[in-house]
Structures are given as structure tokens and as C-alpha cells.
*Asks:* 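To start, I am sharing the structure in question, which I have written as C-alpha cells.
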Amino acid sequence: MRALVDAARSGDRDALDDLVRATYGGTYTLAYRLTGNEDDACDAVQDAYLRAWRGLRRFRGDAQFTTWLYRITANCSANLVAKRARHRTETLGDEDNVVDLRPEIDPERRVAATDERAQVIAALAELPWRLRQAIVLRDIYDLSHGAIAKELGITEAAAKVRLHRARRRLRDVLAGSAIAFDSGIPSRLPVAEREGLPASEEIRARADAG
Amino acid sequence: MRTLAEIVHLRGATCRDAADAIPQIAAGEDFGVDSGAAAHVAVCLRCQAEVAAYRRVLAHLRDLRLERLPFPSAVLAGTIAALEEAETAGAVPSWAVRAAYVGGLTAAGVLVWYGSRRRPGLLAHAG
């Protein structure tokens with residue numbers, strides 16, 4: 001991988017193509033987990049590779065190439081989903097309870113699954129996209145809080161708050177499943193979260209910081 | 001030595017109070033973990049079972065990092081084509097580079113001349 005990166009940085013066209021082929025699966029998977037659907041994932045990945053190509057000469061090699069590429073992918077995915085969300089809000093007005101008709105979101109499939117892993121995957125897909133981003137970047141791809149904050153365009157404190165809320169929500173979604181969380185002690189979610197409305201992470205972070 | 005208020009706080013936490021902290025405790029992170037909740041979890045078997053369950057969730061999530069989802073082959077080809085197109089569009093002919101260089105020098109010269117007209121002593125002082 002290092003040799004491919006060096007060759008691509010020096011302008012080797014074939015090396016760049018090989019680098020894309022070698023990393024595309026991982027990049028697409030990350031984008032799909034963040035955006036929740038194939039079309040958005042494809043758009044985000046294309047944006048990510050274009051940005052990576054433009055910045056390849058500045059890549060210092062002090063981190064793994066895939067980690068650097070994943071951070072760009074996370075940023076592109078977040079920007080794309082945010083843009084789509086703004087467009088949907090503008091189109092639909094103040095309608096609050098919009099049913100998510102994406103085939104990837106299937107609570108019945110999650111309930112029916114007996115396999116723990118399948119239930120976790122299905123529960124992750126049910127999370128609101130802001131919370132899903134935090135879980136994917138931290139608990140799957142092991143990005144630091146600082147890196148998550150940078151790629152999502154929020155403060156580190158806000159990233160921690162969002163991750164905390166995301167984990168609580170995931171636990172609630174999984175309550176009663178094969179993972180056997182005790183549904184008798186649900187986490188205390190604020191009303192805004194139960195309604196699926198975005199909360200102000202900055203305000204919450206300041207409150208938590210005291 | 002703890003104050004009475006601290007002791008009451010540590011002993012007063014219930015499973016409901018600790019529920020919010022369970023995912024963070026399972027992840028080994030202290031952000032959002034109240035000391036009373038942590039103390040309760042340390043002595044409550046029910047909550048410890050919850051922590052163990054969430055640790056299994058985290059293990060499944062970590063395993064997902066190695067998973068590669070199938071993607072349409074056409075999109076890989078499309079991305080490579082987009083990179084080729086960007087590379088071609090980004091290539092600037094040498095004559096354009098020279099023209100931009102000459103234009104920049106000319107503009108700089110005009111600015112210096114205009115400045116010397118407005119303040120005649122400017123160039124003398126600069127020398």
C-alpha cells in the first residue's frame with residue numbers, strides 16, 4: 001500500500017487506479033454505513049476520492065493512508081447527508097413525523113433476526129443519521145473524539161455528547177432483543193430525541209461541561 | 001474523607017440512575033458517567049449484566065470494521081473515470097502559465113508606477 005501511495009503521489013496514473021481499486025471496498029462500506037443508502041454512498045465515495053486525489057501531494061504519511069482516506073470519506077458523507085436533510089426540510093415544510101421508506105430501515109427485520117450481530121446491524125440502521133455517524137466513526141472505525149469532531153464540523157465536547165446519546169439510543173433500540181438488555185430500565189432520553197428532532201450539541205456540551 | 005452529601009449521592013443511585021452511563025462504562029469512557037452511577041454499577045449485578053451485554057454490542061460493532069459490503073462494479077469504474085477527467089481538466093497548457101506570469105508582472109509594475117505618481121518620494125525612500 002505504501003508503495004502504491006508513493007507512486008500515485010508522484011503522478012503514476014496506473015498506481016492511482018490500483019490504489020482506488022485496493023481501497024474502494026472499505027471506503028464504500030464506510031460511506032454506506034454513514035449515509036444509509038447505496039446512491040448516497042456512491043456519491044460520497046466519488047467526492048472522497050476526488051478530494052483525496054487533490055490532497056494526495058499534501059499527505060505526509062504520518063498516519064495510515066486508509067485512516068486518512070476514511071476521514072475524508074466521513075467528511076464527504078456528512079456533508080452529503082446534511083445537504084439532503086436540508087433539502088428534505090425545505091421541501092416538506094414543518095412535517096415532523098415523516099415515515100422513513102428506505103428499504104434499509106426495517107424494524108420488523110431487526111425484531112425477527114435472532115442473530116445478535118444481525119440485530120446490531122439492523123439497530124444501527126434505525127438510528128437517526130446524526131447519531132449513527134457518531135457510532136460508526138467511533139465504535140466501528142475507532143476514530144478519536146477529536147477526529148470525529150473535525151470531520152463532522154463540531155466541537156470535541158459536542159462529539160462526545162453526540163456519541164453518548166447515540167450509544168444510549170442504540171441500547172434502547174436493542175432492548176428486548178437477543179442482546180437481552182433489560183427493557184425495565186430504559187435510558188432517560190429527552191423528548192427531543194424521542195421525537196427524532198436534532199438537539200443542539202453545543203448547548204448540551206456547555207451544559208455538561210458545567 | 002467523603003462528605004455526607006457525597007455518601008448519600010453515591011449510595012442513592014439506582015438502576016434507573018445508572019442506565020444512562022452503562023454504554024459509556026462498557027466502552028471504558030468516563031464522559032457522561034456520574035460518580036454515583038459508576039459506584040452503583042460496581043455493586044449491582046443487574047447493571048453489570050447490562051454492561052456485559054453492551055460490551056457484546058461493541059464487539060459486534062468492532063468486527064464490522066473488517067466487513068466489506070458489495071458495491072456495483074459500475075460505480076468503481078465511474079470513480080476512476082471521474083479521476084481521469086479531473087486530472088485532464090486540471091492540466092494547464094504551458095502557454096497559459098506563461099501568459100498568467102507575464103500578466104502578473106505587468107499588473108505589479110502598473111501598481112508600483114501608480115503609487116509613485118501619487119507619492120513621488122515613495123520610491124526614493126524605498127531605495
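Note: hydrogens, waters and symmetry copies are ignored here, and every other heavy atom, side chains too, is used. Quick note on labels: first sequence line is chain A, next is B, and so on, each numbered from 1.
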*Asks:* Looking at residues at least two apart in the chain, or sitting in another chain, which of them share a side-chain hydrogen bond (donor to acceptor under 3.5 Å, both in side chains) with B:E67?
*Replies:*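 Only A:R33, A:R117 meet the side-chain hydrogen bond (donor to acceptor under 3.5 Å, both in side chains) criterion with B:E67.
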
*Asks:* Could you give me the CA-CA distance, side-chain angles and deciding distance for B:Y54 and A:R167, then say whether side chain to side chain contact (heavy atoms under 4.5 Å, CB included) is met?
*Replies:* CA-CA 9 Å; B:Y54 202 86; A:R167 286 170 174 165; 3.2 Å; yes

*Asks:* In terms of heavy-atom pairs under 4.5 Å, which option from B:L58, B:L64, B:T14, B:D63 contacts chain A the most?
*Replies:*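 The answer is B:L64.
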
*Asks:* Going by the angle between their ring planes, with limits at 30° and 60°, are A:H164 and B:F31 parallel, tilted or perpendicular?
*Replies:*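 A:H164 vs B:F31 ring planes: perpendicular.
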
*Asks:* So B:R62 and A:D139, side chain to side chain contact (heavy atoms under 4.5 Å, CB included) or not? Walk me through it.
*Replies:* CA-CA 6 Å; B:R62 275 194 297 274; A:D139 292 335; over 6 Å; no

*Asks:* Carefully, step by step, assess B:R68 and A:Y24 under the rule side chain to side chain contact (heavy atoms under 4.5 Å, CB included).
*Replies:* CA-CA 9 Å; B:R68 294 291 179 263; A:Y24 199 88; over 6 Å; no

*Asks:* A:Y141 versus chain B, heavy atoms under 4.5 Å apart: side chain, backbone, both or neither?
*Replies:*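 Both parts, backbone and side chain.
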
*Asks:* Could I get the full list of side chain to side chain contact (heavy atoms under 4.5 Å, CB included) partners for A:A82, not counting sequence neighbours?
*Replies:*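 Expected list: A:R86, A:W129.
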
*Asks:* Please name the pair of heavy atoms, one in B:P72 and one in A:E38, separated by the smallest distance, quoted to 0.1 Å.
*Replies:*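 Shortest heavy-atom separation between B:P72 and A:E38 comes out as CG-OE2, 3.6 Å.
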
*Asks:* Look up atom OH in A:Y28 and atom OG1 in B:T79, then write down how far apart they are to the nearest 0.5 Å.
*Replies:*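 One gets 11.0 Å once the value is rounded to the nearest 0.5 Å.
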
*Asks:* When only pairs under 4.5 Å are counted, which of B:I80, B:L66, B:L69 shares the most heavy-atom pairs with chain A?
*Replies:*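 Heavy-atom pairs under 4.5 Å are most numerous for B:L69.
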
*Asks:* Taking the side chain as every heavy atom from C-beta outward, state whether A:L170 and B:L61 have any pair of such atoms under 4.5 Å apart.
*Replies:*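 The answer is yes; the side chains approach within 4.5 Å.
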
*Asks:* Just so I understand: if I count every heavy-atom pair under 4.5 Å between each of A:L50, A:I121, A:L16, A:L163 and chain B, which residue has the most?
*Replies:*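 Heavy-atom pairs under 4.5 Å are most numerous for A:L50.
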
*Asks:* Report which part of A:I135 has an atom under 4.5 Å of a heavy atom belonging to chain B: side chain, backbone, both, or neither.
*Replies:*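 Only the side chain of A:I135 comes within 4.5 Å of chain B.
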
*Asks:* Go through the atoms of B:E29 and report whether side chain, backbone, both or neither lie under 4.5 Å from a heavy atom of chain A.
*Replies:*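 The answer is the side chain of B:E29.
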
*Asks:* Please flag which part of B:P70 lies under 4.5 Å from any non-hydrogen atom of chain A: side chain, backbone, both or neither.
*Replies:*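 Contact with chain A is through the backbone of B:P70 alone.
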
*Asks:* For the candidates A:K160, A:R13, A:R138, A:R54, which exhibits the highest count of non-hydrogen atom pairs separated by less than 4.5 Å from chain B?
*Replies:*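 Most pairs with chain B among the choices: A:R13.
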
*Asks:* Quick one: do A:R171 and B:E50 make a salt bridge, cutoff under 4.0 Å?
*Replies:*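 Here A:R171 pairs with B:E50 in a salt bridge, since their nearest N and O are under 4.0 Å apart.
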
